[in-house]
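Read through the structure below, which is laid out as structure tokens, and then see the notes.
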Amino acid sequence: MARLISHSIVLIGLVLIACEVPAGGPEVEAPGTVALVIHGGAGGMQRSTLSPERQAEYRHALETTLRAGYELLRAGSSSLDVVEATIRRMEDDPLFNAGRGAVFTAEGKNELDASIMDGASTLGGAVAGVTTVRHPISAARAVMERTEHVLLAGAGAEAFAEAEGLEIVDPKYFWTEARWESLQRAQERERAAQPGGAAAAFGTVGAVALDLDGRVAAGTSTGGMTNKRHGRIGDSPIIGAGTYASAGCGVSGTGHGEYFIRFAVAFDICSRHARGATIQEAADQVVHGVLAEAGGAGGIIALDGGGVPALVFNTEAMYRGHVLADGEPRVAIFNDE
Ligand code: ASP
């Protein structure tokens with residue numbers, strides 16, 4: 001009898017446990033906090049060279065972008081959707097070196113790169129060297145979700161984007177006077193053999209978001225570097241270099257792409273964080289340590305899995321901003337703010 005009772009207790013216990021665990025596996029606790037961090041490129045901008053009106057335009061663009069992204073996150077959008085929507089908005093804004101407003105290659109063309117990564121699934125997608133896709137970040141996401149590949153380049157990426165129904169534009173759409181003049185100046189400096197032509201021209205955009213379900217995603221989009229060679233691909237479409245996301249970390253970079261590729265900058269930051277460094281420590285070690293020591297100029301934005309941001313750069317300035325649970329966007333440009 002005693003044996004029967006003890007069996008029954010075990011059985012009841014098992015039934016109770018089974019009732020608590022839904023069919024889909026253990027319930028994931030929604031942390032209920034959101035965070036979004038963005039950049040609009042790092043570089044040598046200074047108060048003396050960037051007019052107050054221009055500074056105000058950048059600050060306004062960053063702030064309205066953060067507000068829009070925050071509203072989406074609070075409404076329950078996924079971090080992946082918010083990263084894509086945020087970057088699409090910046091790709092449409094000629095202030096930034098991504099989409100319309102992208103910098104020119106040495107031949108006077110615009111060749112665009114972008115990537116996106118979903119930290120929860122660790123899936124990633126990217127396109128490189130596209131010339132007709134209005135929103136390269138959406139093409140990157142389509143590669144991630146609708147192919148078995150991670151990176152498509154050139155004509156193949158464009159044909160894929162068109163087949164996916166993404167907006168295709170005449171390459172002239174990306175042309176802006178300001179970037180054309182930058183190319184002329186860079187080429188004049190090149191003819192005069194003055195270094196630093198490209199260093200002044202970073203302007204890539206990036207976003208990292210944490211959604212209500214605790215998922216981190218990251219993305220980056222760029223026209224690359226002014227006066228780059230036709231066919232040159234930078235770090236922005238390289239998962240692990242310009243973009244990386246895992247369950248507890250997301251990073252988007254901007255700067256001299258060759259260095260970001262060589263030192264796997266975005267992955268290195270997440271890897272250091274996974275091994276115990278705070279997100280700020282990890283970002284400092286890589287940007288001020290590894291990258292700076294090698295001579296690589298640039299910066300990153302990052303979030304950890306709890307929504308703690310890090311915005312770190314070794315240049316004079318980085319267009320940047322973040323919004324956390326309180327919904328108040330904070331934006332900055334120069335390294336003394
Ligand atoms: N990282 C980009 C590239 O090398 C440039 C930038 O961030 O502005 O293509």
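In listed order, ligands and their atoms are each counted from 1.
Using a non-hydrogen distance threshold of 4.0 Å, Arg232 registers as a contact of ligand 1.
Taking distance alone, with nitrogen or oxygen atoms compared against 3.5 Å, Asp113 stays at or beyond that limit from ligand 1. At least one N or O atom of Asp235 sits closer than 3.5 Å to an N or O atom of ligand 1. Considering backbone and side-chain N/O atoms, Thr204 comes within less than 3.5 Å of an N/O atom of ligand 1.
Heavy-atom neighbours of Arg47 CZ from other residues, nucleotides or ligands within 6.0 Å: above the threshold of 12.
Atoms of ligand 1 found under 4.0 Å from any heavy atom of Gly257, numbered from 1 in the order shown, are 4 (O). Close approach of ligand 1 to Gly255 is summarised as follows: ligand atoms under 4.0 Å from at least one heavy atom of the residue are 1 (N), 2 (C), 3 (C), 4 (O), 5 (C), 6 (C), 7 (O). Counting atoms of ligand 1 from 1 in the listed order, those under 4.0 Å from a heavy atom of Thr254 are 6 (C), 7 (O), 8 (O). Each of the atoms 1 (N), 2 (C) of ligand 1 lies under 4.0 Å from some heavy atom of Ser236.
Ring pair Phe263/Tyr259 is parallel by interplanar angle, where below 30° counts as parallel and above 60° as perpendicular.
Note on Val143: it clusters hydrophobically with Val130, by side-chain heavy-atom contacts below 4.5 Å among ILVMFWY residues.
Salt bridge annotation for Glu71-Arg67: absent, with no cationic side-chain nitrogen under 4.0 angstrom from a carboxylate oxygen.
Under the 4.5 Å side-chain criterion, counting only non-hydrogen atoms from C-beta, Val308 is not in contact with Leu303.
Only one option out of Val150, Leu123, Thr122 pairs with Met117 in a side-chain contact (heavy atoms from CB on, under 4.5 Å); it is Thr122.
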